[in-house]
Protein chains: 2
Amino acid sequence: MGRTREFDVERTLHQCMEVFWEKGFQTTCLDDLTETTGVKKQSLYGAFENKRALFLKALSLYREQSISQLEELASDEAPPMEQLQAVGNLVLGYTNENCKGCLIINTALEFGSSDEEVLREVETMYAETERILSTIIVRGQDQQQITRRHTAPELAAHLTNVIRGSQVLAKSGVSADQSGAVLKTAFSLLAP
Amino acid sequence: MGRTREFDVERTLHQCMEVFWEKGFQTTCLDDLTETTGVKKQSLYGAFENKRALFLKALSLYREQSISQLEELASDEAPPMEQLQAVGNLVLGYTNENCKGCLIINTALEFGSSDEEVLREVETMYAETERILSTIIVRGQDQQQITRRHTAPELAAHLTNVIRGSQVLAKSGVSADQSGAVLKTAFSLLAP
DNA sequence: TTTGTTCTTGACCATGCGGTCAAGAAAGTG
DNA sequence: CACTTTCTTGACCGCATGGTCAAGAACAAA
């Protein structure tokens, strides 16, 4: 009972995510959100509790979206090294598109360790990324294309870190070529 | 002629740098600065033009300081691999101390590519870091401790990227051990 | 000592922002 | 049709913030 909502909550959340992604949490004001979504302030507050809660929902959405893209990519039957390259392309396509970078990383640096829930989200993203990369690396090791001088989880943590770095690099305004080259070097160093 | 300034401009700049480092540009308000420096608003505006100009000065100071620390470290006669480890320790000691991260990287992500001067500062930092790492790597290659499968500049760009990643990691609230382990893996992968 | 210049101080201003209020509109229920 | 409930809308509030003003204080040159 009661009046039915006139806007699509899911769609609105997606749009808000885009805005947060582009501008960050602090810099995004409610007017930005109402303007791009077309949803008035009070309606936004009706669907999501407040700015921070809305942001956390957007953050989760982003993580789920990113991880499922990675998972899809890791589940095809391409050679491991090609999968890694594809991961790199995905990640840099992401970041270079509009130089928005990765929302998780942007958020990690904006919040530092000041917000427990944000922290959890960031750590989950890191862990999931390592997990997926690890499965690719294991196959790479099985096929003698990746060194065994380190364990798969170690290499996965390392690669995740390399990706983090290149996402920052990409957002720092350097060319896509440069960030791509860095990733290529890193992948090449994994050879046995 | 005219009244002499009662506060030490250089010291004040250092203090402001610390505040910006800890809180970022946006989040730092003038009251934060006047409170920690003890210098009143108008006096601050007398010495530095405005908040942004003050920030840019603090950013330059940070970069110069960091680079000269790196340079000092690279100029001793320790074995190259030990120098790299020392670089890692320096960088992580930096970031883990109070989880402030690296001011340059924090700034790069906060500003994106919206501010020309900030961008220049960030790119200079990256370039200088690569230059110094490259000199260490060259010596490592001469002593057969670092692979020659890539050129020194390539490896330097890669290592700079790894460091970027681990600085983000450190600021993301993970333990110092974890960020340290990632660096160790990366260094170890440089072996011939 | 006078004068001109710069620094200091605290009050002041305009604005942007997150969040709330109250009144009206639409829907379900009896 | 009443009645209740939820959504919508626009006005409103309190507060923080970057920046400015004006008056007084300290110093150097004349």
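What you are looking at is a predicted structure, and each value in this text was computed from that prediction instead of being measured. Note on naming: letters A, B, ... go to the chains in the order of the sequence lines (proteins, then strands), and numbering restarts at 1 for each one. Only heavy atoms go into these numbers, but all of them, side chains included; no hydrogens, no water, no symmetry mates.
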Self-check item: Upstream residue (5' side of DNA chain C) when B/Lys41 and B/Glu6 are each assigned their closest nucleotide
Solution: B/Glu6
Self-check item: Closest non-hydrogen atom pair, A/Trp21 against A/Gly101
Solution: NE1-O, 2.7 Å
Exercise. Tell me whether the OP1 or OP2 atom of C/dT8 has a side-chain N or O from B/Lys40 closer than 4.0 Å.
Key: no
Exercise. Determine: side-chain N/O of A/Tyr45 to OP1/OP2 of C/dG19, distance under 4.0 Å, yes or no.
Key: yes
Quiz item: Applying the side chain to side chain donor-acceptor pair (under 3.5 Å) test to A/Lys23, which of A/Asn106, A/Asp32, A/Thr28 qualifies?
Solution: A/Asp32
Quiz item: Pick the nucleotide of DNA chain D nearest each of A/Gly38 and A/Gly2; which residue has the one closer to the 5' end?
Solution: A/Gly2
Quiz prompt | Touch class at under 4.0 angstrom, heavy-atom based, for A/Asn50 against every strand present | solution = sugar-phosphate
Quiz item: Touch check for A/Ser43, heavy atoms < 4.0 angstrom, all strands: base, sugar-phosphate only, or nothing?
Solution: base
Quiz item: Just checking, any donor-acceptor pair under 3.5 angstrom between side chains of B/Gln145 and B/Arg139?
Solution: no
Self-check item: Whether A/Phe111 and A/Phe25 hold their rings parallel, tilted or perpendicular, with breakpoints at 30° and 60°
Solution: tilted
Quiz item: Looking for any heavy atom pair under 4.0 Å, which part of the strands does B/Thr28 touch: base, sugar-phosphate only, or nothing?
Solution: sugar-phosphate
Practice problem: Mind calculating the distance between CG (B/Leu54) and P (D/dT17) to the nearest angstrom? | Solution: 16 Å
Quiz item: Can any side-chain N or O of A/Glu130 pair as donor or acceptor with the backbone N or O of A/Ala127 at less than 3.5 Å?
Solution: no
Quiz item: What is the distance, rounded to the nearest whole Å, between atom NZ of A/Lys51 and atom C1' of C/dG16?
Solution: 12 Å
Quiz prompt | Nucleotide nearest B/Gln42 when distance is taken to its side chain, options D/dC21, C/dT8, C/dC17 | solution = D/dC21
Quiz item: Expressed in angstrom and rounded to an integer, what is the separation of A/Asp32 atom CG from C/dG18 atom C1'?
Solution: 13 Å
Practice problem: For A/Asp31 and D/dA11, give me the distance from atom CG to atom P, rounded to whole Å. | Solution: 13 Å
Quiz item: Given atom CG of A/Leu33 and atom P of C/dG19, what is their separation to the nearest angstrom?
Solution: 11 Å
Quiz item: D/dC27 base to B/Arg3 side chain: any donor-acceptor pair below 3.5 Å?
Solution: no
Quiz prompt | Contact nearer the 5' end of DNA chain D, comparing B/Leu30 with A/Leu44 | solution = A/Leu44
Quiz prompt | Nearest-Å distance for atom pair CZ/P, residues A/Phe7 and C/dA25 | solution = 20 Å
